[in-house]
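To keep things clear, I will list the structure first and then write my remarks on it.
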Amino acid sequence: EFLPPSSPVATDPPIYILLGKGFPEPGIHQIPDGISPGCVIKMAFPGVSFEPLAITRTTSSLSSGEALDVVLEGSQLVEIKRYWMPAGMRMTLAVPLHPDRMDEDDWEALPGIGKELARRIEEDRQINGDFGFLRALARVRGIGDGLISRLEPFFEEG
């Protein structure tokens, strides 16, 4: 006879964030969906107050694969840096990549893309703008359908 689990089974993928410089427990942490950087900071630093300029970076929800660094002066939060984890970390955690959230080092971490091709991808994006989706990489010299197909498992659908 089948018995349901004693606790609910999560159907949504987990949200992984990297707490970096300035946090008391740096590293990769799993958080509930919909949590903002401000909530994470308040949990990590009870009693911290926010400078008016810092509050704008603390309200929108974190996405899986994001990273945070903070600078505190006493009990004042004076700086927040919000950025993307390196692609190698995101791939290890099965966090889908997006071609517009990557830098040259991120491209190099992917199979089949070396230093020169990574440089051309970044150069193309600087000249022609964001890609929007993986298939748009076909506009870069040296990237064909075969390479794009091999990269698809690492990227967001669409």
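What you see below is based on every heavy atom in this structure, not just the backbone, and it leaves out hydrogens, waters and symmetry mates.
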Has [X] got a side-chain atom pairing as donor or acceptor with [Y]'s backbone, closer than 3.5 angstrom?
X      : Y      : value
His98  : Leu134 : no
Asp100 : Phe131 : yes
Arg120 : Arg141 : yes

What are the two closest heavy atoms between [X] and [Y], and how far apart are they?
X      : Y      : value
Gly112 : Leu117 : O-CD2, 4.1 Å
Asp130 : Arg139 : O-NH1, 3.6 Å
Tyr83  : Asp69  : OH-OD1, 3.0 Å
Ala109 : Gly88  : CB-N, 4.3 Å
Gly22  : Phe45  : O-CZ, 3.0 Å
Glu66  : Ser61  : OE2-O, 4.1 Å

Exercise for review: Could you give me the CA-CA distance, side-chain angles and deciding distance for Asp103 and Trp84, then say whether side chain to side chain contact (heavy atoms under 4.5 Å, CB included) is met?
Suggested key: CA-CA 10 Å; Asp103 63 20; Trp84 293 101; over 6 Å; no
If hydrophobic clusters are built by linking Ile, Leu, Val, Met, Phe, Trp and Tyr wherever their side-chain heavy atoms come under 4.5 Å apart, do [X] and [Y] end up in the same one?
X      : Y     : answer
Tyr16  : Met91 : no
Leu151 : Leu97 : yes
Phe154 : Met85 : no
Ile28  : Phe23 : no
Ile17  : Ile35 : yes

Review point. With a 4.0 Å cut-off, would you call Arg119 and Glu104 a salt bridge?
Key: no
Review point. Does the distance from a Lys or Arg side-chain N to an Asp or Glu carboxylate O, for Glu122 and Arg125, drop under 4.0 Å?
Key: yes
Could you tell me the separation between the [atom1] atom of [X] and the [atom2] atom of [Y], rounded to the nearest 0.5 Å?
X     : Y      : atom1 : atom2 : result
Arg90 : Asp106 : CZ    : CG    : 5.0 Å
Met43 : Leu19  : CE    : CG    : 9.0 Å
Ile15 : Gln30  : CD1   : CD    : 8.5 Å

Practice item. Before giving the answer on side chain to side chain contact (heavy atoms under 4.5 Å, CB included), spell out for His29 and Val40 the whole-Å C-alpha distance, their side-chain angles and the decisive distance to 0.1 Å. Key: CA-CA 10 Å; His29 296 266; Val40 170; over 6 Å; no
Exercise for review: Please work out which of the three classes, parallel, tilted or perpendicular, describes the rings of Phe155 and Trp107, given edges at 30° and 60°.
Suggested key: parallel
Practice item. Evaluate side-chain hydrogen bond (donor to acceptor under 3.5 Å, both in side chains) for Ser63 paired with Arg101, printing each intermediate quantity in order. Key: CA-CA 12 Å; Ser63 297; Arg101 296 180 190 144; 5.9 Å; no
Review point. Is atom CD of Glu25 surrounded by more than 12 heavy atoms (other residues, nucleotides or ligands) closer than 6.0 Å?
Key: no
Practice item. Mark yes when over 12 heavy atoms from residues, nucleotides or ligands other than Glu73 sit less than 6.0 Å from its CD; otherwise mark no. Key: no
Practice item. Flag the pair Arg135 / Ser149 as yes when at least one side-chain heavy-atom distance between them is below 4.5 Å, and no otherwise. Key: yes
Review point. Should Ile143 and Ile121 count as side-chain neighbours, where that means a heavy-atom distance under 4.5 Å?
Key: yes
